[in-house]
Each structure stands twice: as C-alpha cells, then as structure tokens.
Amino acid sequence: MSQFLHTKYASLETYTPGEQPRDKKYIKLNTNESPYPPSPQVVDALTRQEVEDLRLYSDPEGTALREKLAALYGCGPENVFLSNGSDDILNFAFMAFGQDGAVFPGLTYSFYPVFAALHGVLYDTVPLREDLSIDVDGLCGTGRLTVLANPNAPTGLALSLEEVERIVASNPDHVVVVDEAYVDFGAQSAVPLIQKYENLLVVMTYSKSRSMAGARLGFALASRPIIEDLEKLKYSTNPYNVNRLTLKLGEAAVDSDAYFRENARKIMATREKTAQALRALGFTLPDSKSNFLFVKREGLDGGLLYQKLKDRGVLIRHFSDPRIAQYNRVTVGTDEEMEAFLTQVKAIMKEEGLL
Ligand SMILES: *Cc1c(COP(=O)(O)O)cnc(C)c1O
C-alpha cells in the first residue's frame, strides 16, 4: 500500500476470485464456468470487420442488445441495464441503495460484504437455517437494502417465486436485489415481478449458463426508476461500460437462446447423476438448482479433499471460512469431467480408509 491511498480504503478486505492457474492443465471445477463453448452463432459473430470497428466507441446505450433481452424476458428495453459483468451492477446497487444499510443471508456470495465495505454500507446478516436454506422470514421487512442470490451460492439451494415475492413485497421502501446468476439451472426467475414491484432489481449474467464469463457481460431487469438510478451511476463512471465485441456476441447469444437452454439442460442432467454418485459414496449435499454442488463427507476433511484432488489435476473450490471449511463447491462440468472427478474422489477415499 502506498502512502497516497485514501484512508477509507486502507483496511478494505477485497474479494478473492477462484484460482485461474496456469501451471498445468486441470479439470477445472472451481469457478462455475460452463464446460461448453458459446453457441456457433456467437463464434461467427466475431468477424474481422467487428475487430476493425474497435476504433469506434461502443453504443453507450447498448440499444440493440437491450431490445433483444427485453423481447426475451418480456419487458421493455427501458427496463434493461447492461454492465461489464454483473458484479458491476451489484457494486452499483450497494452504492445507490445502501443509504439505510443492507441485509443479506449469513452465507452467500462473498462479494456482497466487500461491496458494502467499499461504500461504507453497514450491514447485518441473517443466518441460514440448519438445512442451509435461506431464512425467508428473516429477510422480510428489513427496512434496508436486501440482497439475496437465488439460487444461493455456495449452497445451490433455490427459493420459490412465492418466497421471493414475499421478501420483495415486505420491503416496499427499499430495494430488494435478487441475484439470478444461476437461475437458468432450474430455479424460478423473479423477472415477472418487476412490473408489479418498483423496488425489485433482478441481476443476471452471461458468465454461467451462457458460457461467456470471459466476455464480461451482465444485465439487470427492473422498474424504470431503478434503471434510471443505475444509469445515473454508469454515466458518472464509465458510459461505455460494455465493449463493442461483447455487445455483438451478447446479441448473438440471445438469438441462439435455444442452444444455451439445451446446455443448461445437459448440465442439470450431469448434476443429478453426479449428486447421486456422491450420495452413494456417503457425501451429504443440498438439492442444488445451480451448476455446482456443495458437498461434504463425514470423516473426510474438506481442505484435504481439495488439496488431494488438486494434486491429481482436479480443481474444486474450498473456502477457508471455518463454518464451511468441511465443504467444497464443485462446478458441474461435462459427464466425462465428472466421471474423472468421481474416480479421483474414490481413489482418495481408499487412501483415507473410507472405501
Ligand atoms: C458468478 C456470480 C456473479 C457474477 O459474475 P459476473 O461474471 O461478474 O457476471 C454474480 N453473483 C453470483 C452469486 C455469482 O456466483
């Protein structure tokens, strides 16, 4: 740290992204990326002309993509906000709507407390219930910015649309952010509610189900006044926040939506198969509606499993937080990747005298 940094940032605890190792080739099941490439239409959208046009700024309004997303989600383009990854929108949400403080579940996306700290937003957390599910009543009527991921991370558990609506309806004077990064893997989206509740902000990303984590594209769907607030912050920081190529590829992805739905279906089928195999090996795991599994095995230390798998070329995500140190989060890859993962898990369990 330099002597020049504003003192308010001196003690900031930053977010720790999952490892992106370059030392060798791993079966990479640690950052919830898709194992499948984007659709052929997305690949074809990147033409020589598009690259040459990089001399021009991107459309700050992203009009073409907003119109396509609006048609896909059944709202108007004025209800769509685009960003450089959805983390950007979450950042704006804490910046814009956190004046009275914030509330989120005790175990959720570990970026929320970082954004809160960055913007000086005081927050409380509502502990998960014994079965790791979100305490819906605890998130109702908070009288503050309320943020939840549905499905939640890293548990993968989803709330029903009725439960989400109860939280949104109970907090009419504050924004409720529903982070739907994983919604395409089997949960119900809250998007139909944006017409009914002015305080609802639904956040989505191209990083998971649309196989475009590296393109950095996120979007929000909400009532017009909320979108205007986000635009105010965007035009005060980075008006061209989405680059030309990403806008183009994002449009092509909407045009090939069926391709992405089919990938999500494949990933869900692989998830169920893998979950069953893990349960047969004595693992316990919540009923995931996402593209990852949150797993633990009695008698097998979470950190040890992570390290031994890494030594064998399989990367999963281990969290140092003592409350979940016995767990690991395993991204659902292809059938072949998950078979390789299970083979190594069994070998490790034999070594440990558990099989
Ligand atoms: C992956 C993820 C995001 C977003 O990521 P971007 O790549 O910035 O769009 C947001 N919320 C949760 C819970 C996630 O897991």
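Below, all heavy atoms of this structure are taken into account, side chains as well, without hydrogens, waters or symmetry copies. One-based numbering, in listed order, for ligands and for the atoms of each.
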### Task
Check which hydrophobic residues are tied to Tyr9 through side-chain heavy-atom contacts below 4.5 Å, counting indirect links as well, and list them.
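For the cluster that includes Tyr9, the remaining residues are Met1, Leu5, Leu12, Leu118.
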### Task
For ligand 1, list the protein residues that place a heavy atom within a distance below 4.0 Å of one of its atoms, sorted by chain and number.
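The 4.0 Å shell around ligand 1 contains Gly85, Ser86, Asp87, Tyr109, Asp179, Ala181, Tyr182, Thr205, Ser207, Lys208, Arg216.
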### Query
Do Ser209 and Asp184 have side-chain atoms, one donor and one acceptor, less than 3.5 Å apart?
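A donor-acceptor contact under 3.5 Å links the two side chains.
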### Message
Arg224 and salt bridge (charged side-chain N to carboxylate O under 4.0 Å, His left out): which single residue from Glu198, Glu231, Glu78 fits?
### Response
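The option that passes is Glu231.
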### Query
Any ring pair (Phe, Tyr, Trp, His ring centres under 6.0 Å) pairs touching residues 242-297, not counting sequence neighbours?
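Every ring pair (Phe, Tyr, Trp, His ring centres under 6.0 Å) pair that includes a residue of residues 242-297, provided the two are not neighbours, is Tyr182-Phe292, Phe294-Tyr327.
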### Message
Give me each pair satisfying salt bridge (Lys or Arg N to Asp or Glu O under 4.0 Å) with a member in residues 322-337, each pair once, sequence neighbours excluded.
### Response
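As it turns out, the salt bridge (Lys or Arg N to Asp or Glu O under 4.0 Å) pairs with a partner in residues 322-337, which skip direct neighbours, are Lys273-Asp335, Asp321-Arg323.
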### Task
Verify the ring-centre separation between Tyr112 and Tyr109: is it less than 6.0 angstrom?
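Ring centroids of Tyr109 and Tyr112 are less than 6.0 Å from each other.
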